[in-house]
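Handing you this structure, nothing more for now.
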Amino acid sequence: MKKVVILCYDFPPKNSVASQRPFSWFKYFHKFNYYPIIFTNKWDSKDESIITLSGEIHYLDCDLNIRSKTPISIFRKVFTLIETLTKWNKL
């Protein structure tokens, strides 16, 4: 069985359209001989890691980056520019 790592921000118990696609991957990948390992955001304090025969779900605390924590728009734009420029620093 091949292992597949899926990183997703939305996953049940959050009820959104974006959470349904990775949830369906988790439900049906084992039928095609894939073992999904899902890393997602911890929405509730009760969320814990779940390991079954058909896959694994790991709930992690996702911290927002510094750009999304800043309320002033000019600072947000500057942080976005810095993040974009440092991302391409590997040249």
Side-chain angles (χ1 to χ4, degrees):
M1 195 173 263
K2 295 180 183 178
K3 293 184 178 181
V4 177
V5 175
I6 300 171
L7 305 173
C8 57
Y9 188 73
D10 293 338
F11 195 79
K14 182 176 183 181
N15 189 12
S16 70
V17 175
S19 69
Q20 298 307 311
R21 181 173 290 146
F23 183 63
S24 66
W25 291 341
F26 178 75
K27 284 192 334 188
Y28 297 111
F29 268 17
H30 72 279
K31 293 182 180 181
F32 300 101
N33 206 20
Y34 289 105
Y35 184 79
I37 303 170
I38 297 187
F39 293 97
T40 185
N41 189 24
K42 187 174 190 176
W43 295 105
D44 194 4
S45 62
K46 298 181 286 186
D47 292 337
E48 296 179 4
S49 296
I50 300 170
I51 299 174
T52 64
L53 294 176
S54 60
E56 300 176 13
I57 304 171
H58 299 282
Y59 293 98
L60 306 172
D61 290 327
C62 296
D63 292 333
L64 298 174
N65 58 14
I66 192 167
R67 181 182 57 85
S68 60
K69 292 181 183 178
T70 307
I72 302 171
S73 65
I74 187 68
F75 290 127
R76 290 183 58 194
K77 290 178 184 179
V78 169
F79 284 128
T80 302
L81 177 66
I82 291 170
E83 286 179 358
T84 305
L85 292 176
T86 57
K87 172 170 54 174
W88 299 104
N89 197 14
K90 298 178 183 178
L91 297 175

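What you are looking at is a predicted structure, and each value in this text was computed from that prediction instead of being measured.
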>> Please evaluate residues T52 and F26 with respect to the criterion side chain to side chain contact (heavy atoms under 4.5 Å, CB included), reporting the C-alpha separation (whole Å), side-chain torsions for both, the decisive distance (0.1 Å), and the verdict.
In response: CA-CA 11 Å; T52 64; F26 178 75; 4.1 Å; yes
>> Show the nearest heavy-atom pair for residues H58 and I37, with the distance to one decimal.
In response: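 For H58 and I37, the tightest heavy-atom pair comes out as CD2-CG2, 3.9 Å.
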> For Y59 and P12, which heavy atoms make the closest approach, and how far apart are they?
Replying inline: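 Y59 and P12 have their closest heavy atoms at OH-O, 2.8 Å.
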> Which pair of heavy atoms, one from H30 and one from M1, lies closest together, and at what distance?
Replying inline: O-CE, 4.3 Å
>> Measuring from atom CG of L81 to atom CG of L85, what distance do you get when rounded to the nearest 0.5 angstrom?
In response: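 CG of L85 is found 4.5 Å from CG of L81.
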> Mind checking whether Y35 and I38 sit in one hydrophobic cluster, side chains of I, L, V, M, F, W, Y counted as touching below 4.5 Å?
Replying inline: no
> Does the T40 side chain pair with the main chain of C8, one donor and one acceptor, at a distance under 3.5 Å?
Replying inline: yes
>> Same cluster or not: Y28 versus V17, using hydrophobic residues (I, L, V, M, F, W, Y) connected whenever any side-chain heavy atoms lie under 4.5 Å apart?
In response: no
> Do L60 and K42 come close enough that some side-chain heavy atom pair is under 4.5 Å?
Replying inline: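 A side-chain contact under 4.5 Å is absent here.
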> Looking at side-chain heavy atoms only, is the closest gap between I6 and F39 below 4.5 Å?
Replying inline: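 SC-SC contact between I6 and F39 ruled out.
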> For F29 and V4, what are the C-alpha separation, side-chain angles and deciding distance, and is it a side chain to side chain contact (heavy atoms under 4.5 Å, CB included)?
Replying inline: CA-CA 9 Å; F29 268 17; V4 177; 4.2 Å; yes
>> Hydrophobic clustering (ILVMFWY, side-chain heavy atoms < 4.5 Å, transitive) - are Y34 and F11 grouped together?
In response: yes
> In Å and rounded to the nearest 0.5 Å, what is the NZ to OG distance from K27 to S54?
Replying inline: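 Rounded to the nearest 0.5 Å, the NZ-OG separation comes to 11.0 Å.
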> With no hydrogens and no angle check, is any side-chain donor or acceptor of S19 less than 3.5 Å from a backbone partner on N15?
Replying inline: no
> Aromatic ring centroids of W43 and Y9 under 6.0 Å?
Replying inline: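 Judged by ring-centre distance (under 6.0 Å), W43 and Y9 do meet the cut-off.
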